[in-house]
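Below, chain A is the first sequence line, B the second, and so on; all start at residue 1. Keep in mind that what you see is a predicted model, and the values were worked out from it rather than measured. All values below were derived from every heavy atom in this structure, side-chain atoms included, with hydrogens, water molecules and symmetry-related copies excluded.
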2 protein chains.
Amino acid sequence: MTPNKEDFIKAIYELGGDQNVVTNKALVNQLSITAASVTDMNTRLLKEELITHIPYQGVKLTEKGSLIANQLIRKHRIWEVFLSEKLGYDWNEVHADADLLEHASSDLLIERLNQFLEEPTFDPHGGVIPNKDGTIPDIESTPLIDVSLGSSFKIKEVDDQQEFLEYLLFKEVQLGKEYTLVDIEPYDGPLTLETDSGDRTILGHKAAFKILVEII
Amino acid sequence: MTPNKEDFIKAIYELGGDQNVVTNKALVNQLSITAASVTDMNTRLLKEELITHIPYQGVKLTEKGSLIANQLIRKHRIWEVFLSEKLGYDWNEVHADADLLEHASSDLLIERLNQFLEEPTFDPHGGVIPNKDGTIPDIESTPLIDVSLGSSFKIKEVDDQQEFLEYLLFKEVQLGKEYTLVDIEPYDGPLTLETDSGDRTILGHKAAFKILVEII
DNA sequence: AAATATTTTTAGTTTAGACTAAAAATGAAA
DNA sequence: TTTCATTTTTAGTCTAAACTAAAAATATTT
Ligand SMILES: [Mn+2]
Ligand SMILES: [Mn+2]
Ligand SMILES: [Mn+2]
Ligand SMILES: [Mn+2]
């Protein structure tokens with residue numbers, strides 16, 4: 001296994017490849033490599049039985065491949081917690097460093113680090129940390145876009161993209177913060193959230209897809 | 001720069017290549033690669049002006065090369081402190097993980113980690129941590145083999161080899177511990193150390209080369 | 001249904017980093 | 001000072017992981 005292979009498998013997983021077939025095109029976009037390079041890597045992973053492949057359609061992870069993806073994500077997210085809680089990184093800063101560290105972490109190191117951090121369940125943007133055996137604790141949460149007018153909720157998880165996290169930092173939307181949905185404009189218009197103290201935040205329609213909440 | 005190149009430069013440095021010419025043979029032993037691979041890597045590093053090369057004699061680090069070596073050693077040793085102090089590793093366990101992590105550490109990460117650890121001066125076996133700018137704090141210390149009979153001293157630094165550290169762990173020789181040299185046998189014979197409380201430890205002649213002390 | 005556009009694959013090239021085998025240079029012993 | 005041993009270099013091979021360019025397959029429009 002190499003860092004490149006690991007990241008490729010993770011990319012398939014993040015595109016839903018443990019359930020559905022993922023196209024080459026999707027991987028081209030996700031990883032910023034050429035279509036030919038995707039085909040190359042596919043044949044390599046196929047040989048190791050980490051994926052299945054339907055010609056001209058795409059790839060899916062095998063059990064073995066899924067396990068590798070989940071264990072890599074575990075490492076990634078445990079490092080993100082460390083960077084955030086112990087080294088004072090903002091939540092939009094953790095991803096890049098964790099993306100390197102995840103490939104340089106022995107199992108022993110991750111288990112000790114996990115102990116040191118007191119076995120966290122979530123990473124800094126609310127992503128759930130897979131268990132050591134590759135299983136995933138299931139957490140109930142609703143996309144903000146599905147919340148009905150007047151409901152109150154708590155922020156549970158937000159999308160992991162650098163710019164989106166920066167945007168939320170600016171908007172002061174944080175994990176665990178509570179709001180009531182006081183307005184939704186039609187035709188994919190903006191949503192207005194209000195805190196207990198009456199502060200209002202307006203978010204676009206697309207942003208509401210990238211935020212998961214728990215109704216309270 | 002790649003992990004392999006970094007480790008190669010570090011190996012030259014550890015063999016004294018910031019001052020003296022280091023032979024290919026020495027690098028073959030240090031890195032467990034073939035002589036041809038050493039020549040290959042030499043030509044690559046020469047092209048980047050990280051080393052100078054005298055044909056059939058060996059290589060020396062340039063200023064640029066030395067700086068890279070020192071910064072890598074800084075990363076390595078800061079990670080060793082973290083593994084030892086925060087994650088509870090023994091001093092013989094830290095090296096392998098640090099050898100991977102050193103290549104996956106941004107400058108930001110290392111500086112934050114250094115703060116978190118409260119700017120340590122020494123790694124777990126007493127190696128001095130180079131400064132951010134590549135300079136090295138100078139520390140006075142004497143090889144145990146040069147200590148004269150009857151002198152008292154404190155353990156300052158020990159050699160970084162896995163098996164040697166395991167041996168010292170077994171012998172209960174620890175950094176900072178104080179002894180008096182009560183006997184040296186001739187013909188490269190063993191040394192007998194005694195603590196305040198009268199406990200005696202016998203060490204071989206070669207071990208005494210691998211231990212640095214401060215006379216008290 | 002034919003034309004056009006998109007996606008995937010194939011074929012061939014490149015670079016880093018390893019290797020083996022053999023030649024050339026240097027050093028040590030007879 | 002030859003001879004033998006060691007070290008270094010050269011030459012050629014291999015794999016992983018990228019790339020470009022072109023061919024083949026599939027999907028979308030007209
Ligand atoms: Mn992340
Ligand atoms: Mn990564
Ligand atoms: Mn070390
Ligand atoms: Mn290393």
Side-chain angles (χ1 to χ4, degrees), chain A residues 1-17 20-62 64-65 68-69 72 99-100 102-104, chain B residues 1-17 20-62 64-65 68-69 72 99-100 102-104:
Chain A
M1 193 53 49
T2 68
N4 286 321
K5 274 187 202 162
E6 286 185 334
D7 277 338
F8 195 93
I9 290 167
K10 191 173 68 165
I12 296 171
Y13 184 89
E14 282 164 354
L15 294 166
N20 314 307
V21 170
V22 172
T23 64
N24 286 17
K25 188 75 201 308
L27 288 162
V28 164
N29 295 333
Q30 183 87 356
L31 293 162
S32 303
I33 55 177
T34 62
S37 298
V38 170
T39 300
D40 273 3
M41 190 62 97
N42 281 346
T43 59
R44 267 191 292 275
L45 298 183
L46 197 60
K47 216 171 290 169
E48 296 178 54
E49 294 181 309
L50 298 171
I51 59 172
T52 56
H53 181 235
I54 307 169
Y56 290 97
Q57 300 217 31
V59 295
K60 226 169 144 174
L61 293 172
T62 61
K64 224 165 118 193
I68 289 173
L72 189 64
D99 229 342
L100 290 180
E102 64 189 0
H103 309 290
Chain B
M1 193 53 50
T2 68
N4 286 321
K5 275 187 202 162
E6 286 185 334
D7 277 338
F8 196 93
I9 289 166
K10 192 173 66 164
I12 297 172
Y13 183 89
E14 281 164 354
L15 294 166
N20 314 308
V21 169
V22 171
T23 64
N24 285 17
K25 189 73 201 307
L27 287 161
V28 164
N29 294 333
Q30 184 85 358
L31 293 161
S32 303
I33 55 177
T34 62
S37 298
V38 170
T39 300
D40 273 3
M41 189 62 96
N42 281 347
T43 60
R44 268 191 292 273
L45 297 182
L46 198 59
K47 218 171 285 167
E48 296 178 53
E49 294 181 307
L50 298 171
I51 58 171
T52 56
H53 180 234
I54 308 169
Y56 290 97
Q57 299 218 30
V59 295
K60 228 168 140 173
L61 293 172
T62 61
K64 222 166 118 192
I68 289 173
L72 188 64
D99 230 342
L100 289 180
E102 64 189 359
H103 309 289

By nearest atom, which of the nucleotides [options] is closest to the [X] side chain?
X: B:Ser37; options: C:dA16, C:dA18, C:dT8; result: C:dA18
X: A:Met41; options: D:dA18, D:dT10, C:dT7; result: D:dA18
X: A:Thr39; options: C:dG17, D:dT20, C:dT10; result: C:dT10
X: A:Ala36; options: C:dA18, D:dC19, D:dA17; result: D:dC19
X: A:Arg44; options: C:dT20, D:dA25, D:dA17; result: D:dA17
X: B:Thr23; options: D:dT8, C:dT7, C:dA16; result: D:dT8
X: B:His53; options: C:dT8, D:dT9, D:dT20; result: D:dT9

Quickly work out the [X] [atom1] to [N] [atom2] distance and round it to whole Å.
X: B:Leu50; N: C:dA16; atom1: CG; atom2: P; value: 13 Å
X: B:Met1; N: C:dT15; atom1: CE; atom2: C1'; value: 15 Å
X: A:Ile51; N: C:dT8; atom1: CD1; atom2: C1'; value: 14 Å
X: B:Leu46; N: C:dG17; atom1: CG; atom2: P; value: 15 Å
X: A:Glu6; N: D:dA16; atom1: CD; atom2: P; value: 16 Å
X: B:Lys25; N: C:dG27; atom1: NZ; atom2: P; value: 15 Å
X: B:Gln57; N: D:dT6; atom1: CD; atom2: C1'; value: 15 Å
X: A:Asn42; N: D:dA16; atom1: CG; atom2: C1'; value: 15 Å

[atom1] of [X] to [atom2] of [Y]: how many Å apart, nearest 0.5 Å?
X: A:Leu72; Y: A:Glu102; atom1: CG; atom2: CD; answer: 4.0 Å
X: B:Leu45; Y: B:His53; atom1: CG; atom2: NE2; answer: 11.0 Å
X: B:Thr23; Y: B:Ile54; atom1: OG1; atom2: CD1; answer: 12.0 Å

Can you check whether B:Ile68 reaches B:Lys10 side chain to side chain, under 4.5 Å on heavy atoms?
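When only atoms from C-beta onward are counted, B:Lys10 and B:Ile68 do not touch, as no gap falls below 4.5 Å.
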Decide yes or no for B:Met1 and B:Leu50: does some side-chain heavy atom of the first lie under 4.5 Å from some side-chain heavy atom of the second?
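Yes, at least one pair of side-chain atoms sits under 4.5 Å.
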On DNA chain D, check which nucleotide each of A:Pro3 and A:Pro55 is closest to and give me the residue with the more 5' one.
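First, find each residue's nearest nucleotide; the 5'-ward one identifies A:Pro3.
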Any base atoms under 4.0 Å from B:Asp40, or only sugar-phosphate, or nothing? Heavy atoms, all strands.
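Base contact - B:Asp40 has a heavy atom under 4.0 Å of at least one base atom.
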Looking at [N], I'd like to know if its phosphate oxygens (OP1 or OP2) sit under 4.0 Å from a side-chain N or O belonging to [X].
X: B:Asn4; N: C:dA18; value: yes
X: A:Thr2; N: D:dA16; value: no
X: B:Asn24; N: D:dT9; value: yes

